[in-house]
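Accompanying notes for the structure given below.
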Amino acid sequence: MTHAEEPWFKHAVLYQIYPRSFYDSNGDGIGDLQGVIEKLDYLNGRPDSLGVTAIWLSPFYPSPMADFGYDVTDHCDVHPMFGTLHDFKQLLKEAHARGIRVLIDFIPNHTSDEHAWFKESRASRDNPKRDWYIWRDAKTDGSLPNNWESVFGGPAWQYDKTTGQYYLHSFLRKQPDLNWDNPEVRKAMHEQMRFWLDLGVDGFRMDAVLYISKDPEYRDDPVEALSDFKKDQLAAQWNARSQNGPHLYEYLRGMAEVARQYPHKFIVTEAYPHPWDKVAGYVRFYENVDPRVCAPFNFEAIMADWNAAEFRHIIDNFQHALELEYMPVYCLGNHDRHRLATRLGSQAAARSAALLLLTLPGMPTLYYGDELGMIDGKILPEQVQDPYEKNLPGHGYGRDPARTPLPWNDSKHAGFTTGQPWLPINADHAHVNVAAENTDPESMLNLYRKLLAFRRQSPALEDGEYHGLETPEDVFGFRRVSEDEKLIVLVNFVNRTIELPEKFQQADPVISTHDGPLPAAITSLRPHEAVILREV
Ligand code: NOJ
Ligand code: CA
């Protein structure tokens, strides 16, 4: 297959848009679909665009917004706050005209408790939709059906007095879990997928997929799965029997099959694998679902410390384990994690992370605002929006800091809205904003542009093989090799200069994260410097 005949996702760079925070077109303080449309040129289609080729839109469905749209009341419509279905169709058309593919967030595991299905389900024990959700009696001693916990804190069971039973919610009380073991539910969810595929979306980011299959006997979780909120609460969840059930891959294959009925559609799943079988866990996903249309996000890099040995371990092992047709999807930021630049602790390290991400194989995924070097916003207690923080305050779980509005310029509210922004604008927006970074050739934004432009025309980066590379301590590096191009990528993970061995000095420097003209040869890496070199 020639490059041009290959499906788009083989050469894509994905950009996640959190629609509430991208651009507000009507002054209500909340970003919307018209806002995304107005700013598409920023992303692609013009010589000065960022140059990403696909977007993933976090949920814009009708929702009471208990979990900011991950609680859906209608899978086939748009929340009026974000616009209309007509706006979405326009967005799709305008994006495609600029060479931007569109993935939407799909939330298979749960709906809102205000969804019509759940209203029926809770109405009576013999309602035809009763079994669409997961209802259980209390134990004979009156205690909860089992000891499962909600990801957002507290028990995963909620008593419903109308029918005297409990329903399961792996996330918020307002997000009852669907019963995927019921074939009618699977059929209904496939229909929702088809609705969007028929409209022309290019695929989905699938939310929390591990939860769609649970322990068939609903046994208690082992004690080590129960969270002690002083420890890592997410890690606790990995033991849980509310996920990773025996039908997981079967149900995922069903969704992949729906996508396969259309040409060139792609699904990327959200699944944080068990810490003890990371690579094997990811490989099982590829093996058991359908690598032609579906891949899991690789979250190891987002969870790891900024450490060369750790990154070498993660990436070398993963690349080594992948079959040729398994496409990696690496990411370094999303709406559930602290901002990349905050986690790394410096803009210099964030620059080298950009170079690393955009030289890796597969479909690298950027989180909106990381291209500006945005850091976590400061959220005062009275400004908290995220239910995670509201339920478990003070543990650092709150996700608002990574969801603050994209600063477009240095005007009031950073040009994001003419109204009152739903989350505060970052304090550094006077210089960390699109307009300012546009005019500064050495800004983070221009580094991302340069890297994206280079990647687009580089056969080695788009298609080439990945080979591990021996490097000095605190440097992680690899080679990317295609028939006509051989590149070396080196990343200095520490804040001091590192001398490079002779072998690297023979290659031609192509891009450095550090400013100024490139030398004829690179003999050392400056603090936190990352480079692309061309082998001659
Ligand atoms: C994962 C999503 O990324 C997160 O934002 C959401 O709260 C949960 N799934 C529940 O849908
Ligand atoms: Ca708005």
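One-based numbering, in listed order, for ligands and for the atoms of each.
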Sidechain N-carboxylate O distance under 4.0 Å for Arg241, Asp221 = no

query = Which word best sums up how the rings of Tyr286 and Tyr326 line up, parallel for under 30°, tilted for 30 to 60°, or perpendicular for over 60°?
reply = parallel

What are the atom names and distances for all N or O pairs under 3.5 Å between ligand 1 and the protein?
residue	atom	partner	partner atom	Å
ligand 1	3 (O)	Arg205	NH2	3.0
ligand 1	3 (O)	His335	NE2	2.8
ligand 1	3 (O)	Asp336	OD2	2.4
ligand 1	5 (O)	His335	NE2	3.0
ligand 1	5 (O)	Asp336	OD1	2.7
ligand 1	5 (O)	Arg399	NH1	3.2
ligand 1	7 (O)	Asp67	OD1	3.3
ligand 1	7 (O)	Asp67	OD2	2.5
ligand 1	7 (O)	Arg399	NH1	3.0
ligand 1	9 (N)	Asp207	OD1	2.8
ligand 1	9 (N)	Asp207	OD2	3.2
ligand 1	11 (O)	His110	NE2	2.9
ligand 1	11 (O)	Asp207	OD2	2.7

key: Geometry at the Ca ion (ligand 2) - Asp28 OD1 versus Asp32 OD2 angle, rounded to 10 degrees   = 170°

message = Evaluate Asp336 against Tyr388 for side chain to side chain contact (heavy atoms under 4.5 Å, CB included), listing each step before the verdict.
response = CA-CA 10 Å; Asp336 293 328; Tyr388 207 168; over 6 Å; no

message = Taking the cut-offs as 6.0 angstrom to the six-membered ring centre and 45 degrees off its axis, would you call Arg339 and Tyr368 a cation-pi pair?
response = yes

message = Rounding to 10°, state the angle centred on the Ca ion (ligand 2) that links OD1 in Asp24 with OD1 in Asn26.
response = 70°

inquiry  = Looking at Glu389 and Arg399, is there a salt bridge between them, counting it only when a charged N and a carboxylate O are closer than 4.0 Å?
reply    = no

message = Does this structure show an ion pair linking Asp198 with Arg194, if we count only N-O contacts that are shorter than 4.0 Å?
response = no

ask   = Hey, does Asp400 have a side-chain heavy atom less than 4.5 Å from the side chain of Val384?
value = yes

query = Is it true that some N/O/S atom of Ile30, main chain or side chain, lies under 3.0 Å from the Ca ion (ligand 2)?
reply = yes

